[in-house]
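Numbering of ligands and ligand atoms starts at 1, following listing order. Values below: all heavy atoms of this structure, side chains included; hydrogens, waters and symmetry mates excluded. Note that the structure is a prediction, hence the values are computed from the model and not measured.
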Amino acid sequence: MPPLTHSGVPRHVAIIMDGNGRWAGRRGLPRTLGHRKGVESVRRIVRHAGNRGVGVLTLYAFSRENWNRPKAEVSELMGLLQRYIRSDLEELVEQGVRVQVIGGRHDLNSTLLGMIENAEARTAHNDRMHLVLAFNYGGRDEIVRAARRAAEAVARGELAVEALDEARFAGFLDTGTLPDPDLVIRTSGEQRISNFLLWQSAYAEYSFPDALWPDFDEAMFDEALRDFAGRERRFGTVPPVTSVST
Ligand code: IPE
Ligand code: IPE
Ligand code: MG
């Protein structure tokens, strides 16, 4: 296998952390324990991605559709984000990680909202790695909210309709000026995107490792990076000419 070279490391890696429920189910444990175990993978991968030189790491932690899960599981997942921020914020500050949460904020309770705002403010000037947590996130919802913001800007007379192009529109998304994901990883072997970063992933490369999220480790992350480094991204162009025969 080719070695990992710094230059081949994707600028933005986004992960759909899937398989917590199955991890627990296979052990005869309640699903909530799978989610708790999944937080250990979050810690591992955040540290490791920073060490590998990844600039932006986005983790899909709770989708808009996840509200349809049993009430007890939903409150476990809400509580887990609070506990994660409470227990890990200091380490994230020390690691130079900037924290940002994307997704709808209206449905979140005020305690959680306060913690999110505090975490974002405390880490706003960190620049070693940008950690984006997609929470209460849905790609379509984000696009609709962005469309509303754009319409409001037009209504206020701050934006001419003709001036709204792809770059301007992207600026209204929750991800704002962040670079698009280069690599999207979904664990647990499922091969779907489940409403994740629909706009931003237009040209992402995908990786679908079989490991369930609580089992996902540094070596598996490196394997996805290695695989990514071997991909040829074309963005609609033709491949470069490598040799000229005369
Ligand atoms: C991913 O694991 C975590 C969230 C969606 C919050 P799941 O809970 O979806 O686990 P599976 O897919 O049921 O195994
Ligand atoms: C996607 O996983 C959402 C998160 C990882 C937070 P799901 O497990 O909810 O997705 P589906 O329902 O299998 O598509
Ligand atoms: Mg799942």
Side-chain ion pair, [X] and [Y], N-O less than 4.0 Å:
{"X": "Glu90", "Y": "Arg122", "result": "yes"}
{"X": "Arg145", "Y": "Glu142", "result": "no"}
{"X": "Glu218", "Y": "Arg52", "result": "no"}
{"X": "Arg105", "Y": "Glu120", "result": "yes"}

Atom 2 (O) of ligand 2: which protein heavy atom is closest, and how many Å away?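 That would be Arg186 NH2, 3.6 Å.
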
For atom 14 (O) of ligand 2, what is the nearest protein heavy atom, given as residue, atom name and distance? Ser194 OG, 2.6 Å

Residue pair [X] / [Y], side-chain heavy-atom distance below 4.5 Å:
{"X": "Leu81", "Y": "Phe62", "answer": "no"}
{"X": "Asn118", "Y": "Met115", "answer": "no"}
{"X": "Val13", "Y": "Phe228", "answer": "no"}
{"X": "Phe135", "Y": "Met78", "answer": "yes"}

Whether Arg149 side chain and Phe172 backbone form a donor-acceptor pair below 3.5 Å: yes

Part of Asn66 with heavy atoms under 4.0 Å of ligand 1, whether side chain, backbone, both or neither: side chain

With heavy atoms under 4.0 Å as the rule, classify the contact between Ala61 and ligand 1 as side chain, backbone, both or neither. backbone

Are there protein heavy-atom neighbours of atom 10 (O) of ligand 2 below 4.0 Å? yes

Judged on heavy-atom distance to atom 13 (O) of ligand 1, which of Glu190, Arg31, Glu73, Glu65 sits nearest? Arg31

For ligand 1, which atoms have a heavy atom of Arg22 less than 4.0 angstrom away? 11 (P), 12 (O), 14 (O)

Please identify which atoms of ligand 1 are closer than 4.0 Å to at least one heavy atom of His35.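 By the 4.0 Å cutoff, the relevant atoms are 3 (C), 8 (O).
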
Ligand 2 contact by Arg64, heavy-atom criterion under 4.0 angstrom: no

Has Met17 got any heavy atom lying under 4.0 angstrom from an atom of ligand 2?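 Per 4.0 Å heavy-atom rule, Met17 contacts ligand 2.
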
Below the 3.5 angstrom mark, is there an N/O of Trp23, backbone or side chain, next to an N/O of ligand 1?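 Among all N and O atoms of Trp23, none is under 3.5 Å from an N or O of ligand 1.
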
Applying a 4.0 Å heavy-atom criterion (strictly less than), which segment of Phe62 is in contact with ligand 2: side chain, backbone, both, or neither?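 Under 4.0 Å from ligand 2, Phe62 contributes backbone atoms alone.
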
Does Arg69, backbone or side chain, put an N or O under 3.5 Å from an N or O of ligand 2?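 Min N/O separation from ligand 2 is below 3.5 Å for Arg69.
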
Short N/O distance, under 3.5 Å, between Arg192 and ligand 2?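 Yes, there is a polar N/O contact under 3.5 Å.
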
State the atom name: nearest N, O or S atom of Asp18 to the Mg ion (ligand 3).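 Within Asp18, restricted to N, O or S, the Mg ion (ligand 3) is closest to atom OD1.
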
Give a yes/no on ligand 1: does Gly19 have at least one heavy atom closer than 4.0 angstrom to it?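 It does, in that a heavy atom of Gly19 comes within the 4.0 Å cut-off of ligand 1.
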
Give the ring-plane orientation class for Phe235 versus Tyr203, where under 30° counts as parallel, over 60° as perpendicular and anything between as tilted.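 Plane angle between 30° and 60°, so tilted.
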
